[in-house]
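Structure record follows, encoded as structure tokens.
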Amino acid sequence: MSPALSVTSRTASAAPARLAWLDALRGLGALAVVGEHLCTWAMPWLRPTAFNLGVYGVLVFFLVSGYIIPASLERHGDVRAFWIGRFFRLYPLYLAMIALVLVLAWWIPVRAEVPRDLSSVAAHATMLMDAVGTAGVLNTMWTLSYEMVFYLLAAALFTAGVRDRWGLLPGLFAVLGLVAGLAMIVPPLSGGWLSWVTFGLFAVGLACVVSGWGRTVAACALGVMALALVLLSSRVPWFGAAILAVMFAGTAVHRWERGAGPLWPVAATGLLVAALPLWARNAGWWWVQPKVWGLTILLAVLTFAAAMACRSRTLPAALTWLGTISYSLYLVHLPLLLILMRVVGELRGAPAAAQLGAGVLFLALLLPLSWLSHRCIELPMQLVGRRLVKGRDRPSAGRAGAPPAPADGGRRPRE
């Protein structure tokens, strides 16, 4: 979940407001995921059943990523800098949480679904666990697989000079989801070998992209690999394609906002994605039942639209602050919850006062811990990435016909 806006004629004073509405969305998304897991453990009577609160939060995150990632690539025009920035943005905290889970494995056993062999190491190294059909050491990490798939696809399209001016990509992925749902109950490819092959291609491909050697070919090959993984080996192919449709819908919204594309394909995509469980042969979970899935998607879309409508207004500082630390909130909350579950025990049958007290304690610990991880892990490593990019920057490094950077008052948007 990840968390630069591409503009051509905006004033510097507008930058804080534009950033605030995106941070507010991140904050809402993080709160929703935290709330889903907290309610499941401690306060089941507060957990909504008409829609899935956690999936709602994840969809909001995916819309934000779709909105800003291709725009960030186009704004900077440097795919090498993009990948260096992504690495130092995502991997440090991700690896720290994996290390924490492994250190605590004697007390809180690693999930049974995680393979007990080196293929799991290869899968986690690429963040493509869900795409290669395996499980992450934390079950929240499945979303990072689709973030990574989207980055690979967006970088491939950018490097190849493909710009979806008509907003057709969201609909294309929705149709692919329909085909996958009708054709497959289980993915046709599976096995630990997938993790190793993917790791090899991922490492070599990114090395070529960052070094500049065969950059276009390597970036496109990585994009093809990512698409093939989603459709042929991800844990639920139709669902993976639906996620990509949602993310590229965010991209289409950004292009529409700039007057560079239509909005109607986004609406058509939303309707098709909402209807996918009606045809999918592998759709037995409660939260993909048509009414629940449809309402979850509708709420995510309405939330994104409402935040976008308020982008020029002052938003609650608490919500934008939560958005600033949202990646830490997302990754830190589950290990903390697992620890509390181990200490406190089962609470679903406990008195309401005990449940509420446990919830307050959880949040009282989570917020400062997430702030600390943001300040002590995320920010320092992002600074290292920026210094590395700046130190190695050349006027033509990784450029792909990008327009000049817009005036933004010198403020660097969070990506």
Side-chain angles (χ1 to χ4, degrees), residues 1-3 22-48 52-61 64 89-105 107-108 110-111 136-144 147 303 315-348 350 352-382 414:
M1 30 223 51
S2 247
L22 291 172
D23 277 336
L25 283 172
R26 292 188 184 100
L28 283 172
L31 280 180
V33 175
V34 170
E36 171 71 17
H37 293 143
L38 176 59
C39 289
T40 300
W41 167 57
M43 295 171 286
W45 46 276
L46 274 179
R47 186 189 188 199
N52 187 303
L53 185 62
V55 174
Y56 156 81
V58 167
L59 290 175
V60 169
F61 271 120
V64 171
R89 171 79 174 92
L90 299 180
Y91 270 92
L93 185 60
Y94 167 76
L95 294 176
M97 290 301 102
I98 292 175
L100 177 63
V101 170
L102 296 179
V103 166
L104 295 176
W107 185 36
I108 304 172
V110 177
R111 302 169 65 204
V137 295
L138 290 171
N139 62 15
T140 50
M141 288 180 174
W142 70 268
T143 64
L144 299 181
E147 288 278 351
T303 300
L315 297 171
L319 197 57
T320 56
W321 177 77
L322 287 173
T324 301
I325 65 168
S326 59
Y327 187 51
S328 282
L329 275 175
Y330 190 79
L331 285 184
V332 170
H333 84 272
L334 196 53
L336 176 61
L337 188 59
L338 293 172
I339 292 171
L340 286 179
M341 289 172 66
R342 192 71 172 178
V343 172
V344 177
E346 178 61 58
L347 285 179
R348 281 177 288 187
Q355 294 176 340
L356 290 171
V360 170
L361 173 63
F362 171 69
L363 294 175
L365 293 172
L366 175 63
L367 294 178
L369 285 174
S370 297
W371 178 80
L372 280 173
S373 69
H374 175 71
R375 290 299 300 268
C376 298
I377 299 176
E378 287 192 73
L379 291 182
M381 296 310 295
Q382 289 176 42
R414 288 197 325 111

How close do [X] and [Y] get, counting heavy atoms only, and between which atoms?
X: Leu331; Y: Leu138; value: O-CD1, 4.0 Å
X: Val110; Y: Val101; value: CG2-CG1, 4.1 Å
X: Gly35; Y: Leu53; value: C-CD2, 3.9 Å
X: Gly29; Y: Phe61; value: C-CE1, 3.4 Å
X: Pro44; Y: Arg348; value: CG-CG, 3.8 Å
X: Thr320; Y: Leu315; value: CG2-CB, 4.3 Å

For Ala358, check side-chain contact (heavy atoms from CB on, under 4.5 Å) against everything at least two apart and list the hits.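 So Ala358 forms a side-chain contact (heavy atoms from CB on, under 4.5 Å) with Trp41, Leu347.
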
Rounded to the nearest 0.5 Å, what's the gap from [atom1] on [X] to [atom2] on [Y]? Could you check?
X: Leu93; Y: Leu379; atom1: CG; atom2: CG; answer: 11.0 Å
X: Leu338; Y: Leu104; atom1: CG; atom2: CG; answer: 9.0 Å
X: Thr40; Y: Leu337; atom1: OG1; atom2: CG; answer: 9.0 Å
X: His374; Y: Ser328; atom1: NE2; atom2: OG; answer: 7.0 Å
X: Thr143; Y: Met141; atom1: OG1; atom2: CE; answer: 9.5 Å
X: Trp142; Y: Thr140; atom1: CH2; atom2: OG1; answer: 10.0 Å

Heavy-atom side-chain contact between Tyr330 and Val58 under 4.5 Å: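 Result yes, sub-4.5 Å side-chain heavy-atom pair found.
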
Side-chain contact test, heavy atoms from C-beta onward, threshold under 4.5 Å: evaluate it for Val137 versus Arg111 and give yes or no.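 A side-chain contact under 4.5 Å is absent here.
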
With no hydrogens and no angle check, is any side-chain donor or acceptor of Arg342 less than 3.5 Å from a backbone partner on Ile108?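 No; zero donor-acceptor contacts below 3.5 Å.
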
Between the side chain of Ser370 and the main-chain N/O of Leu367, is any donor-acceptor distance below 3.5 Å?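 Judged by distance alone, no pair lies under 3.5 Å.
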
Does the ring centre of Tyr94 sit less than 6.0 Å away from the ring centre of Tyr91?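 Centroid distance Tyr91-Tyr94: below 6.0 Å, so yes.
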
Does the plane of the ring in His333 sit parallel, tilted or perpendicular to the ring in His37? Use 30° and 60° as the thresholds.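 Because their plane-to-plane angle is under 30°, the rings of His333 and His37 count as parallel.
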
Criterion side chain to side chain contact (heavy atoms under 4.5 Å, CB included) against Leu329, the qualifying member of Leu322, Val33, Thr324: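 It is Leu322; the other options fail the test.
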
Under the criterion side-chain contact (heavy atoms from CB on, under 4.5 Å), I'd like the reasoning laid out for Ile325 against Trp321: C-alpha separation, chi angles, the key distance, then a yes or no. CA-CA 7 Å; Ile325 65 168; Trp321 177 77; 3.6 Å; yes

Any chance you could lay out the side-chain contact (heavy atoms from CB on, under 4.5 Å) test for Arg89 and Glu378, step after step, and finish with the verdict? CA-CA 7 Å; Arg89 171 79 174 92; Glu378 287 192 73; 2.7 Å; yes

